[in-house]
Amino acid sequence: QVQLAVSGGGLVQAGGSLRLSCAASGRTFIRYGMGWFRQAPGKEPEFVATIDWAGGSTYYADSVKGRFTISRDNAENALFLQMNSLKPEDTAVYFCAAGRGGGPSLRVNDYYSWGQGTQVTVSS
């Protein structure tokens with residue numbers, strides 16, 4: 001099993017950038033597809049981006065496509081989310097998650113281990 005710790009959130013003005021990091025413990029990180037999700041107050045968790053175990057396949061929510069980039073460094077057991085051109089509607093708590101298999105997935109139920117979340121606030 002892999003444990004996840006998220007960092008990099010904060011307050012930024014609209015149009016700005018943030019880079020989220022997700023540090024994984026355990027030698028099995030490389031086996032798993034990974035994902036980023038977010039949850040705004042009063043809303044359901046929302047898929048943001050996903051990447052397969054090798055980093056060769058990525059998928060994005062339409063709302064972030066072209067602005068966010070998911071990547072991973074298997075040698076460092078780390079997952080990243082580069083967020084550019086941030087908008088107030090991107091405000092949410094962001095979570096990283098490890099999948100049950102090696103492929104990418106958009107579905108919450110396909111993930112078994114979750115980081116603690118980090119707050120991202122985008123001011124207008």
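Numbers for residues simply follow the sequence, beginning at 1.
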Within 45 degrees of the ring normal and closer than 6.0 Å to the centroid, is that where the cationic atom of Arg72 sits relative to Phe80? no
[X] side chain to [Y] side chain, donor-acceptor N/O pair below 3.5 angstrom:
{"X": "Arg38", "Y": "Tyr94", "answer": "yes"}
{"X": "Thr121", "Y": "Gln119", "answer": "yes"}
{"X": "Gln13", "Y": "Ser123", "answer": "no"}

Under 3.5 Å donor-acceptor, [X] side chain and [Y] backbone:
{"X": "Arg100", "Y": "Asn109", "answer": "yes"}
{"X": "Asn77", "Y": "Ser25", "answer": "no"}
{"X": "Ser85", "Y": "Gly15", "answer": "no"}
{"X": "Asn74", "Y": "Trp53", "answer": "yes"}

Do [X] and [Y] sit in one hydrophobic cluster, given that two such residues count as connected whenever their side-chain heavy atoms are within less than 4.5 Å of each other, even indirectly?
{"X": "Val108", "Y": "Val6", "answer": "no"}
{"X": "Leu106", "Y": "Val48", "answer": "no"}
{"X": "Leu20", "Y": "Val2", "answer": "yes"}
{"X": "Tyr112", "Y": "Phe37", "answer": "no"}
{"X": "Met34", "Y": "Tyr111", "answer": "no"}

Considering all heavy atoms of both residues, which atom of [X] and which atom of [Y] are nearest to each other, and what is their separation?
{"X": "Tyr32", "Y": "Gly99", "result": "CD2-O, 3.0 Å"}
{"X": "Gln116", "Y": "Ala5", "result": "OE1-CA, 3.5 Å"}
{"X": "Pro104", "Y": "Tyr59", "result": "CG-CE1, 3.5 Å"}
{"X": "Phe95", "Y": "Gln39", "result": "CE1-CB, 4.3 Å"}
{"X": "Leu79", "Y": "Cys96", "result": "CD2-CB, 3.9 Å"}

How many angstroms lie between [atom1] in [X] and [atom2] in [Y], if you round to the nearest 0.5 Å?
{"X": "Leu4", "Y": "Cys22", "atom1": "CG", "atom2": "SG", "value": "4.0 Å"}
{"X": "Asp62", "Y": "Lys65", "atom1": "CG", "atom2": "NZ", "value": "4.5 Å"}
{"X": "Ser71", "Y": "Leu81", "atom1": "OG", "atom2": "CG", "value": "8.5 Å"}

Going by heavy atoms in the side chains, are [X] and [Y] under 4.5 Å from each other?
{"X": "Ser17", "Y": "Met83", "answer": "no"}
{"X": "Val120", "Y": "Leu18", "answer": "yes"}
{"X": "Phe68", "Y": "Asn84", "answer": "no"}
{"X": "Trp36", "Y": "Thr50", "answer": "no"}

After noting the C-alpha distance and the side-chain angles of Asp90 and Lys87, does the key distance pass the salt bridge (charged side-chain N to carboxylate O under 4.0 Å, His left out) rule? CA-CA 5 Å; Asp90 294 319; Lys87 304 176 181 180; over 6 Å; no
